[in-house]
K.L.:
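Got a structure for you, written out below as structure tokens; questions coming shortly.
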Amino acid sequence: MSFQRLSHLQKLEADAIRIMREVAAEFANPVMLYSIGKDSSVMLHLAMKAFYPSKPPFPLLHVDTTWKFREMVAFRDATAKRLGLDLIVHTNPDGLAEGINPFDHGASHYTHVMKTEALKQALSAHGFDAAFGGARRDEEKSRAKERVFSFRNESHGWDPKNQRPELWNLYNTRIRKGESIRVFPLSNWTELDIWQYIRAENIPIVPLYFAARRPVVERDGTLVMVDDERLPLAPGETPEQRLVRFRTLGCYPLTGAIESEATTLEAIVGEMLIARTSERSGRLIDSDETASMEKKKREGYF
Amino acid sequence: MTSTALDAAIAADTLENHASKSLLRFLTCGSVDDGKSTLIGRLLYDSKLILEDQLAALARDSRKHGTAGDDIDFALLVDGLEAEREQGITIDVAYRFFATEARSFIVADTPGHVQYTRNMATGASTADLAVILVDARHGILPQTRRHSFIASLLGIRHVVLAVNKMDLVGHSDAAFFRIVADYRAFAEGLGFETLQPIPISARHGDNVMSRSAAMRWYSGPTLKEHLESVEIADEREAKPFRMAVQWVNRPNLDFRGFSGTVASGTIRPGDEVVVAGSGQTSRVKAIVTHDGTLPAAHAGQAVTLTLEDEIDVSRGDILARAGERPEVADQFAADLIWMQDGHDLMPGRPYLFKCGTKTVTASITELKHRIDVDTFEHLAAKTLTLNEVGTVNLSLSEPIAFDAYADNPETGAFILVDRLTNQTVGAGMIRFALRRAANIHLQALDIDKAARAALKGQKPAVIWFTGLSGAGKSTIANLVEKKLAAAGRHTYLLDGDNVRHGLNRDLGFTEADRVENIRRVAETAKLFVDAGLIVLVSFISPFREERQLARDLVEDGEFLEVHVDTPLAVAEARDPKGLYRKARAGQIANFTGIDSPYEAPDNPELRLDAGNRSPDELADEVIRLLATRRYA
């Protein structure tokens with residue numbers, strides 16, 4: 001026998017399903033981080049497959065910074081309803097009370113309070129012992145080093161120098177009370193795999209990924225969408241309608257749009273193949289400092 | 001066509017092609033500075049997978065940390081952790097992804113330093129092929145041999161010998177062929193099916209993605225050509241059917257399915273299956289997936305099976321065909337790689353053992369030998385330390401179904417997890433079952449523990465006194481026994497020093513012997529509990545794990561741990577046997593509290609503050625505990 005029956009995409013799918021089932025079997029109280037983006041959409045679709053005909057035996061958790069695109073929030077609620085899943089939405093109440101926002105407090109502090117701290121609050125409050133995330137190793141160099149089952153201490157921190165060896169498909173799920181595991185079923189997927197799978201499986205995604213005329217302002221070469229009236233406009237700054245889309249989705253003031261005519265999946269991939277920048281380059285939070293993702297992950301970021 | 005339409009057409013093609021590509025997982029390994037990370041950087045760069053913003057960051061980093069002068073240092077692309085970039089070395093496995101027109105690749109870039117050998121083994125466990133790099137200037141190094149051995153041990157059958165930095169030896173064919181001959185000489189016994197030597201320069205790209213103009217004497221494939229064309233047979237399909245049940249799928253009362261990934265073979269509705277452990281059989285009713293029911297499930301697919309009959313199946317069970325069953329045993333021989341820093345393998349110590357979806361308790365009953373990974377010699381050993389490889393016998397708390405790793409890695413691989421730290425401490429590959437397990441069956445006895453205890457009118461128990469030498473354990477235990485005897489209780493006192501004169505007189509005081517010392521005493525205490533006695537054990541028993549072992553041997557509630565907590569200074573001042581004096585003088589090695597650790601209990605049933613109270617008061621405190629638990 002010298003053939004491989006499964007294509008690489010089928011193997012990636014089977015691996016992800018195996019990882020999800022292992023979590024469901026070995027942890028008392030898992031949760032799936034649902035960030036509404038394309039990777040989350042793929043992860044959620046895989047969960048529906050993994051446990052069929054059962055529903056995924058865990059809720060979805062969305063950390064809402066209150067600065068998500070309105071279309072994302074609508075899509076989130078519609079998705080949870082369509083699939084009949086429990087959705088937990090958590091916003092950091094302290095950050096809300098203090099009015100933490102990306103303009104007055106800077107992207108870095110804002111992200112720390114409204115995302116990292118909020119996530120830790122939600123995980124602790126519900127006592128989740130395992131949390132799925134849609135991160136991929138090809139996204140960023142510290143992620144490339146992270147285990148599929150990634151251990152977090154009581155304060156949700158990651159210790160990159162002291163990771164558990166992870167051999168074969170044998171995942172060590174042992175933790176003490178208060179500790180947890182972040183689980184990344186899409187670890188070995190690439191951006192192209194994600195798009196391919198969305199196409200093959202017909203997975204719904206937020207329309208913001210497709211080009212449309214949207215109101216934007218240009219700041220330091222980045223196109224920021226004016227998603228609501230909270231975006232402070234500089235004197236003389238007027239939103240203009242441009243044909244844009246997003247390669248990655250986050251908080252609208254921090255996510256740059258790209259000019260594009262791509263209104264189909266094929267056109268998106270066509271643009272991606274000739275693109276000369278990586279998908280996270282549109283994320284303003286990643287370029288703060290070289291090792292910024294590793295630093296954030298040590299502090300408990302996903 | 002407009003340019004957008006053209007792009008879309010190309011993209012559609014790419015998507016179709018990408019969907020059906022095969023996948024090759026490989027790892028790069030070899031000694032430090034042989035250029036592993038540079039090679040991967042080169043593969044990514046030449047596959048156009050390094051984009052402008054990443055390249056700009058790389059150029060910045062190269063000036064700051066790089067070792068390539070004004071050139072871009074590709075290693076910085078893959079060394080993703082701050083510590084790695086600062087020190088210029090790879091510490092942990094990094095996974096990288098690239099694709100050519102023919103194949104998709106997942107690359108594990110593994111560290112070359114000796115202290116990170118376990119990370120190399122991690123990368124090898126999921127790889128089909130190993131690219132072993134050798135620096136053309138230095139030839140075969142110990143780490144080359146070590147990595148080749150571990151790749152072979154983990155079942156890798158395809159190797160590329162990439163002789164790197166050919167530019168630094170003037171692209172000399174003589175240098176290349178000398179290294180190839182050296183490598184072939186020692187790799188002969190490692191069982192590689194294919195061994196392809198390729199002369200390359202990762203920094204300049206020669207013979208990586210494209211043919212080198214500087215090495216016209218080389219007529220073999222480039223690295224890319226070889227990786228794209230090497231045939232990796234997926235042998236799993238042809239092997240007997242195995243599926244470990246991962247999760248029992250019960251959405252409602254009418255559906256009971258068994259979810260798992262087919263480890264090997266093929267199964268179809270109507271096929272007879274057996275639960276390997278229990279021997280119960282049934283037939284496959286349906287192969288259920290979200291995409292509909294399937295006519296067959298093949299190796300690698302994640303499916304849910306329903307069966308015709310209501311038989312007992314749960315997580316950890318292995319489903320097989322009745323005529324092709326895996327072995328079932330609770331003792332076997334295995335190869336083991338030790339992965340824990342600071343804690344050596346302890347024969348006799350219980351570890352958690354995970355094989356497939358089954359987790360049980362296991363201990364190493366015998367360390368047959370250590371394998372010198374440089375010379376491949378078998379050496380006598382009492383323990384394994386970090387990165388050492390040995391052949392061991394294991395004994396499990398219950399039988400499991402398995403295959404030899406060489407026959408089926410999916411059902412023959414296991415990890416060991418430390419029960420207290422939860423660290424993954426070992427990775428193993430099963431060789432064969434030990435027959436003695438199959439032939440010794442427990443004899444069922446008619447007079448049991450309850451009957452013996454009833455005759456004595458008492459509840460049996462182990463009262464385990466632990467603490468430093470000179471803490472007062474034996475004195476207190478002796479008083480407690482007298483009080484129990486006066487109350488008409490049947491007791492027995494096992495004392496450390498006394499047992500060492502008899503049952504354990506062959507044991508010394510190394511950590512390994514101490515573990516065995518406690519194991520024997522714990523087993524003896526268990527027999528006495530079975531005889532219906534209240535057993536008092538007075539042993540220093542410095543390690544938590546062994547006390548846990550003793551606790552696990554008896555039933556819940558039968559084990560009472562009493563920590564005789566005397567400060568070291570007080571115990572040393574007492575020094576009833578003059579031992580502390582000798583230890584301080586260096587005449588006794590491994591003395592608890594002096595040069596060997598004492599691990600205090602976290603949650604003893606009773607902690608005696610024994611520094612400044614009389615033995616009689618302390619003994620009464622133990623009696624009060626026994627009374628509240630209705631033992632006395």
Side-chain angles (χ1 to χ4, degrees), chain A residues 1-9 11 14 17-18 21-22 24-25 48-55 137-138 141-142 144-145 160-161 163-168 170 172 174-176 187-188 190 192 195-196 199-200 261-262 264 266-267 269-271 273-278 281 290-291 294, chain B residues 4 7-8 10-12 14-15 18-23 51-54 57 61 80-83 91-92 94-97 104 106 118-119 121-122 125-126 231 233-235 237-238 246-247 249 251 255 259 261 288-290 298 300-302 315 339 352 354 413-415 417 422-424 427:
Chain A
M1 298 286 260
S2 62
F3 67 97
Q4 298 188 359
R5 184 179 286 274
L6 302 185
S7 72
H8 96 279
L9 209 57
K11 284 187 181 173
I17 288 175
R18 183 202 296 246
R21 288 172 172 173
E22 196 66 9
M48 297 303 291
K49 287 191 136 186
F51 302 101
Y52 179 85
S54 296
K55 290 270 169 63
R137 284 171 173 158
D138 79 329
K141 57 190 176 296
S142 69
K145 296 274 172 176
K161 284 214 271 188
Q163 300 195 75
R164 295 173 174 179
E166 194 166 73
L167 293 99
W168 299 290
L170 297 173
N172 178 351
R174 308 285 302 184
I175 51 169
R176 277 185 273 218
S187 286
N188 291 332
T190 64
L192 185 57
W195 286 118
Q196 162 59 32
R199 182 173 185 260
E261 295 172 14
T264 63
E266 290 75 17
V269 172
E271 284 189 1
L273 291 175
I274 52 168
R276 295 309 301 157
T277 55
S278 68
S281 66
T290 310
E294 181 181 344
Chain B
T4 311
D7 292 343
I10 295 169
T14 304
L15 286 169
H18 188 66
S20 55
K21 276 178 198 171
S22 65
L23 174 70
L51 303 171
E52 276 169 16
D53 55 320
Q54 293 168 325
D61 284 359
L81 301 177
E82 266 180 76
I91 292 174
D92 210 331
Y95 294 92
R96 291 286 161 178
F97 310 85
S104 275
I106 299 178
R118 64 175 166 175
N119 295 335
T122 300
S125 72
T126 50
E231 273 199 25
D234 191 350
E235 294 164 349
E237 185 77 15
Q246 203 179 4
W247 188 72
N249 198 334
F255 187 95
S259 300
T261 303
V288 179
T289 75
H290 187 265
H298 301 280
Q301 283 184 305
R315 174 172 165 86
M339 304 202 143
L352 290 172
K354 186 172 186 181
F414 64 88
I415 56 170
V417 175
N422 289 331
Q423 284 293 327
T424 305

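Chain identifiers are assigned alphabetically (A, B, ...) following the order of the sequence lines, protein sequences preceding nucleic acid strands; residue numbering begins at 1 within each chain.
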K.L.:
Of all the heavy-atom pairs spanning A427(B) and L167(A), show the shortest one and how long it is.
P.N.:
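Looking at all heavy atoms of both residues, the shortest contact is CB-CD2, 3.8 Å.
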K.L.:
Heavy-atom cut-off 4.5 Å, strictly under: side chain, backbone, both or neither for A24(A) against chain B?
P.N.:
both
K.L.:
Under 4.5 Å, counting heavy-atom pairs only, tell me which of V288(B), N249(B), L352(B) racks up the most with chain A.
P.N.:
N249(B)
K.L.:
Which atoms of I415(B) come close to chain A, meaning under 4.5 Å heavy atom to heavy atom: side chain ones, backbone ones, both, or neither?
P.N.:
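Both parts, heavy atoms under 4.5 Å.
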K.L.:
Taking all non-hydrogen atoms of both residues, which atom of F97(B) and which atom of R137(A) are closest, and how far apart?
P.N.:
CE1-CB, 3.5 Å
K.L.:
Taking only residues two or more places apart in sequence, or in another chain, which ones meet R315(B) in a salt bridge (charged side-chain N to carboxylate O under 4.0 Å, His left out)?
P.N.:
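Partners of R315(B) under the salt bridge (charged side-chain N to carboxylate O under 4.0 Å, His left out) test: E22(A), E26(A).
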K.L.:
Of the listed residues (R21(A), K49(A), R164(A)), which shares the most heavy-atom pairs with chain B below a 4.5 Å separation?
P.N.:
R21(A)
K.L.:
May I ask you to name which of A50(A), S54(A), A14(A), A200(A) has the most heavy-atom pairs under 4.5 Å with chain B?
P.N.:
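Sorted descending by pairs with chain B, the first entry is S54(A).
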K.L.:
Below 4.5 Å from any heavy atom of chain A, which atoms of Y95(B) appear? Answer side chain, backbone, both or neither.
P.N.:
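Contact with chain A: backbone and side chain both.
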K.L.:
By salt bridge (charged side-chain N to carboxylate O under 4.0 Å, His left out), which residues pair with E166(A), not counting sequence neighbours?
P.N.:
none
K.L.:
At a heavy-atom distance under 4.5 Å, which candidate from N188(A), I175(A), I17(A) has the highest pair count against chain B?
P.N.:
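Between N188(A), I175(A), I17(A), the count favours N188(A).
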K.L.:
Should K354(B) and N172(A) count as side-chain neighbours, where that means a heavy-atom distance under 4.5 Å?
P.N.:
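Sidechains of N172(A) and K354(B): no contact.
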K.L.:
Check whether T289(B) gets within reach of chain A through its side chain, its backbone, both or neither, counting any heavy atom under 4.5 Å.
P.N.:
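Answer is backbone: N, CA, C or O of T289(B) sit under 4.5 Å from chain A.
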K.L.:
At their closest point, which heavy atom of H8(A) faces which heavy atom of L23(B), and how far apart are they?
P.N.:
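Distance-wise, the nearest heavy atoms are CB-CB, 3.3 Å.
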